[in-house]
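Below, chains carry the letters A, B, ... as their sequence lines are ordered, and counting in each starts from 1.
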Amino acid sequence: MVDPRFFNRAGPFRAAELAQLAGAEIAAGGDGDLEIRDVAPLDSASSGDLSFLDNRKYTDAFAHSAAAACVVEPRFADLAPAGMVLLLSSVPYKAYALAAAALYPVTPPTPGVAASAVVDPTADIGDGCRIGPGAVIGPGAVLGARCDIGANVVIRQAVQVGADTAIGANASLSHCDIGARTLIHPGVRIGQRGFGFAIDPAGHIKVPQLGRVIVGDDVEIGANSTVDRGAGPDTVIGDGTMIDNLVQIGHNVRIGKGCIIIAQVGIGGSTVLEDYVVVAAQVGIAGHLRIGTGAQIAAKSGLMRDVAPGARIAGTPAVPARQFFRQVAMVENLVKKKGR
Amino acid sequence: MVDPRFFNRAGPFRAAELAQLAGAEIAAGGDGDLEIRDVAPLDSASSGDLSFLDNRKYTDAFAHSAAAACVVEPRFADLAPAGMVLLLSSVPYKAYALAAAALYPVTPPTPGVAASAVVDPTADIGDGCRIGPGAVIGPGAVLGARCDIGANVVIRQAVQVGADTAIGANASLSHCDIGARTLIHPGVRIGQRGFGFAIDPAGHIKVPQLGRVIVGDDVEIGANSTVDRGAGPDTVIGDGTMIDNLVQIGHNVRIGKGCIIIAQVGIGGSTVLEDYVVVAAQVGIAGHLRIGTGAQIAAKSGLMRDVAPGARIAGTPAVPARQFFRQVAMVENLVKKKGR
Amino acid sequence: MVDPRFFNRAGPFRAAELAQLAGAEIAAGGDGDLEIRDVAPLDSASSGDLSFLDNRKYTDAFAHSAAAACVVEPRFADLAPAGMVLLLSSVPYKAYALAAAALYPVTPPTPGVAASAVVDPTADIGDGCRIGPGAVIGPGAVLGARCDIGANVVIRQAVQVGADTAIGANASLSHCDIGARTLIHPGVRIGQRGFGFAIDPAGHIKVPQLGRVIVGDDVEIGANSTVDRGAGPDTVIGDGTMIDNLVQIGHNVRIGKGCIIIAQVGIGGSTVLEDYVVVAAQVGIAGHLRIGTGAQIAAKSGLMRDVAPGARIAGTPAVPARQFFRQVAMVENLVKKKGR
């Protein structure tokens with residue numbers, strides 16, 4: 001059961017309503033008028049609950065689930081327990097996401113500026129913004145409508161934030177522009193000076209970092225991730241890119257649209273990710289590389305060379321994923337032979 | 001010498017008192033009435049100081065130490081310099097920890113709510129709590145007795161924190177319950193939404209993250225670590241588990257009791273660690289895996305498969321540690337042969 | 001063009017003035033009186049702009065650049081477009097850094113204590129300090145002259161900070177002394193207790209962490225990095241060492257002078273880095289090791305043994321870099337042969 005201390009539920013909805021919102025169809029014989037009040041995982045769902053199946057591993061849990069209704073691909077429909085209302089979709093995870101979002105809608109923040117927030121008089125705060133306690137908004141900063149600025153956030157001079165963007169608690173932004181409908185998680189650091197030095201035995205010389213960070217619309221940046229500002233060019237994160245926790249983005253990096261970057265990845269200075277690149281957890285990408293559109297990088301890889309569009313890459317130094325797994329198998333076999 | 005600016009010393013104690021507190025025994029002929037005023041490493045200790053030996057590497061330092069007393073295993077007793085009082089223990093590091101804790105006791109916080117803290121009137125603050133400057137406690141939050149809430153901490157709506165728990169400066173908690181006697185270090189992020197999307201070329205769809213984070217008693221979570229809330233199930237950290245700095249715990253992860261997770265580890269969504277698992281630094285564990293009780297994972301490993309209870313695992317992709325070191329040796333030898 | 005919302009430009013300067021500040025010489029025939037108003041990358045520079053070439057990759061951009069002036073090594077001078085004023089230097093990146101710093105000088109903070117800052121009356125605040133909104137300065141803390149303490153920073157009891165040091169937003173310092181002219185980035189955590197336990201099946205026993213963190217002069221510590229205090233000895237970071245984002249420094253680590261430590265590196269407890277060590281991104285170094293002066297560790301390496309001064313090291317477990325790349329080539333070749 002979803003904890004009502006933390007989440008406000010809407011609804012109930014009829015199954016047919018949720019199916020429509022989810023782009024799914026009620027399977028033949030299913031009761032479209034069934035009342036759906038909540039969502040739950042297959043193994044803990046009960047009457048009134050909508051669940052989903054999107055992974056072969058869980059067909060057994062599906063077959064024995066007490067969920068009232070379930071989003072599922074047509075090919076698994078025959079496995080459903082009797083009486084379960086099926087919402088058929090070729091993209092069940094997406095359909096479930098849309099249905100769950102109807103039951104747990106994201107609501108705009110309650111407008112208001114906390115008494116302990118410190119908002120510079122020259123800052124321009126849009127209608128409907130919430131500014132949490134202890135938040136600090138610098139001179140000339142501009143917030144679009146309905147921004148949700150968490151407690152103890154620091155937004156420095158002249159930063160611009162688009163409408164409907166949320167900034168999590170204790171995050172800090174400087175030297176940057178952030179798009180609309182973007183979600184910056186707690187503790188994120190954006191816009192600090194990049195790691196630029198002229199190495200010198202008498203003391204490394206700091207190279208002034210004179211660029212910005214430009215974050216697009218509909219972006220998400222995970223907790224405690226860090227994005228340095230450019231050295232001269234800007235650091236850029238494209239629309240719809242999703243970045244997980246504890247990710248490091250170096251100065252001058254340019255990330256395209258719709259990329260997915262999983263936790264603890266590090267991207268070196270001046271590297272370019274084209275659109276829809278997927279970078280799995282703990283990958284390191286050296287500076288000054290180009291990663292082509294739609295490339296997929298396996299977890300923990302270390303990249304020292306450019307990657308072609310659509311390529312699948314693994315290992316350190318990274319090679320095509322197939323080759324990597326052949327290398328792994330070969331080394332394993334050699335050891336086995338030797339062991340005999 | 002321990003810096004009195006930062007640490008308050010208790011005592012002095014007689015050697016026999018410390019031995020008793022430490023579960024150790026004074027070696028034959030040792031002066032149990034000797035006054036111990038402080039602790040110090042073997043190489044800098046002097047009169048009045050208690051030191052310890054728990055590593056063969058340092059037997060030489062032990063033999064030449066000027067420490068007044070030393071916790072040591074019986075087998076090393078013969079190496080002691082003349083006149084040193086020995087506290088004999090089969091677990092000298094533990095015995096030292098207990099003795100040092102007597103000299104430097106953890107004291108309850110000085111109760112009080114800082115003037116600049118923002119505590120919602122519906123929050124329930126236990127007796128003896130300290131709430132630091134700029135801390136923000138949301139509606140319906142519940143703190144047990146003697147909690148120590150650092151400066152600029154953000155605790156959001158309805159979060160529950162057990163008695164004698166300390167939350168370090170600038171940490172943020174939401175959608176979570178925290179146990180008793182737990183230590184959350186500065187900058188930790190708990191309860192933000194997990195990294196859940198239905199991938200879609202028209203724009204990735206956020207999957208509502210409707211679970212919580214449940215942290216047990218006597219847990220420690222290191223500085224700037226991140227723990228995402230569950231997607232539906234909860235993210236769970238069991239009693240007595242110790243987590244180091246900059247660790248990432250994904251949504252729905254379940255960690256058992258007494259685990260030790262060293263710095264910069266990442267654990268993917270829905271993975272289960274049973275009890276007493278040890279995960280060394282910079283390990284990555286993929287999602288949806290099960291790591292058996294007492295398993296030990298070598299530093300920097302990358303896990304893509306389940307791990308049996310008690311197994312020792314290393315490498316990327318990870319294999320039994322023995323096999324990993326055989327692989328390493330084999331590759332080294334092949335290169336040497338080729339070099340001839 | 002550098003965004004005037006975020007950066008205050010000085011100047012203009014004559015090319016000859018900048019050359020002198022940069023330790024460069026105007027190439028024969030160049031107009032030393034040319035007015036330089038700004039800096040820009042080679043490909044976007046135009047009249048009035050100074051640029052630089054420090055990488056063979058960009059000689060083409062140099063040959064076609066519209067920059068008014070450019071810092072460059074003498075050997076590339078012949079490639080310059082007609083009319084470009086050349087500032088000749090054998091260390092062009094350093095020379096550029098010095099010229100850019102003249103155009104964009106680091107200015108001392110505007111003195112003052114924000115109304116919402118909480119400064120303990122026993123703290124000693126030097127002349128010319130800026131204390132940002134929501135910053136908390138504990139009892140007995142000492143700040144040198146012209147410190148710039150960001151918004152919502154937490155500096156705990158008795159911490160000392162040298163003159164002209166800046167602490168970024170939301171950082172927290174305890175149990176430490178910080179040198180002069182040091183830059184601590186937003187979200188850095190310094191001085192929390194180290195990860196020290198006596199492992200015990202009945203519940204791990206915390207070992208009191210009774211040391212400090214000592215940070216030298218002219219150090220930089222990147223955003224969201226963590227530095228634990230010593231267990232007994234101190235954790236030490238030497239003068240002029242540069243540390244990038246999300247780096248973990250364990251208790252008792254001692255880092256020498258002028259080291260460079262790139263993002264997401266982790267250094268285990270009690271390890272020693274001598275002077276001028278370079279550690280590339282995502283490296284892990286086990287505890288209790290010694291890394292010799294001037295050693296260079298390749299990105300993503302995992303170190304389990306000491307490293308000799310000047311050595312170049314790569315891989316996990318790390319070996320001399322040459323040997324690592326021979327191993328990589330050998331494994332690649334074996335797979336190719338097998339593929340035939």
Q. Who are the side chain to side chain contact (heavy atoms under 4.5 Å, CB included) partners of A95(C), not counting sequence neighbours?
A. A22(C), V71(C), S89(C)
Q: Among G284(A), A171(A), G196(A), G315(A), single out the residue with the greatest number of heavy-atom pairs under 4.5 Å to chain C.
A: G284(A)
Q: Check whether N252(A) gets within reach of chain C through its side chain, its backbone, both or neither, counting any heavy atom under 4.5 Å.
A: neither
**Q.** Proximity breakdown for A299(C) and chain A, heavy-atom pairs closer than 4.5 Å
**A.** neither
Q. T241(C), N245(C), I243(C): which one forms the most heavy-atom pairs within less than 4.5 Å of chain A?
A. N245(C)
**Q.** Residue part contacting chain A, namely of V328(C), when any heavy atom lies under 4.5 Å
**A.** side chain
**Q.** L246(A) backbone acceptor or donor facing Q264(C) side chain under 3.5 Å
**A.** yes
(Q) What's the separation between atom CD in E332(C) and atom CE in M330(A), rounded to the nearest 0.5 Å? (A) 10.5 Å
Q.
How close do Y276(C) and P201(A) get, counting heavy atoms only, and between which atoms?
A. OH-O, 3.6 Å
Q: Measure the CZ-CD distance between F7(C) and Q209(A) for me, rounded to the nearest 0.5 Å.
A: 8.5 Å
Q: Please confirm whether the backbone N or O of I285(A) pairs with a side-chain atom of Q282(C), one donor and one acceptor, at under 3.5 Å?
A: no
Q) So which part of S225(A) gets closer than 4.5 Å to some heavy atom of chain C, the side chain, the backbone, both or neither? A) backbone
Q. Side chain, backbone, both or neither: which part of V283(A) has a heavy atom under 4.5 Å from chain C?
A. backbone
Q: Specify which of G240(C), A100(C), S44(C) makes the most heavy-atom pairs with chain A at under 4.5 Å.
A: A100(C)
Q. Using a cut-off of under 4.5 Å for heavy-atom pairs, which of R156(A), K300(A), Q192(A), H204(A) has the most such pairs with chain C?
A. H204(A)
Q) Considering only heavy atoms, which portion of P186(C) lies under 4.5 Å from any heavy atom of chain A: side chain, backbone, both, or neither? A) both
Q | Minimum side-chain heavy-atom gap L334(C)-L334(A) below 4.5 Å | A | yes
Q. Which bit of V39(C) is near chain A, if near means a heavy-atom gap under 4.5 Å: side chain, backbone, both or neither?
A. side chain
Q: Name the option with the most non-hydrogen atom pairs under 4.5 Å to chain C; the candidates are V154(A), T226(A), L210(A).
A: L210(A)
Q: Kindly give the heavy-atom pair with the smallest separation between A97(C) and P208(A), and that separation in Å.
A: O-CD, 3.7 Å
(Q) Heavy-atom cut-off 4.5 Å, strictly under: side chain, backbone, both or neither for A223(C) against chain A? (A) both
Q) Is there a side-chain contact between Y93(C) and V207(A), using heavy atoms and a 4.5 Å cut-off? A) yes
Q: Just give me the residue among G203(A), G211(A), G250(A), G232(A) that pairs up with chain C most often, heavy atom to heavy atom, under 4.5 Å.
A: G211(A)
**Q.** chain C interface, residue from I199(A), V331(A), V265(A) that has the most non-hydrogen pairs under 4.5 Å
**A.** V265(A)
Q.
Surrounding CZ of R130(C) (heavy atoms of other residues, nucleotides or ligands, distance under 6.0 Å), is the total greater than 12?
A. yes
Q) Relative to chain C, which segment of V247(A) carries a heavy atom at a distance below 4.5 Å: side chain, backbone, both, or neither? A) backbone
Q) Would a distance-only check, ignoring hydrogens and angles, find a side-chain to backbone donor-acceptor pair under 3.5 Å from N170(A) to N170(C)? A) no
Q: Evaluate the side-chain proximity of V106(C) to K206(A): yes if any heavy-atom separation is below 4.5 Å, no if none is.
A: no
Q | Spacing of D200(A) atom CG and L98(C) atom CG [to the nearest 0.5 Å] | A | 8.5 Å
(Q) Check whether Q157(A) reaches the backbone of R5(C) with its side chain - one donor and one acceptor, N or O, closer than 3.5 Å. (A) yes
Q: Evaluate the ring planes of H175(A) and F6(C), with Trp represented by its six-membered ring, and classify them as parallel (under 30°), tilted (30 to 60°) or perpendicular (over 60°).
A: tilted
Q. Is it the backbone or the side chain of N152(A) that comes under 4.5 Å from a heavy atom of chain C, or both, or neither?
A. both
Q | Beyond-backbone contact of D244(C) with Q248(A), side-chain heavy atoms, under 4.5 angstrom | A | yes
Q | Closest-packed option against chain A by number of heavy-atom pairs under 4.5 Å, given K57(C), K257(C), E220(C), H185(C) | A | E220(C)
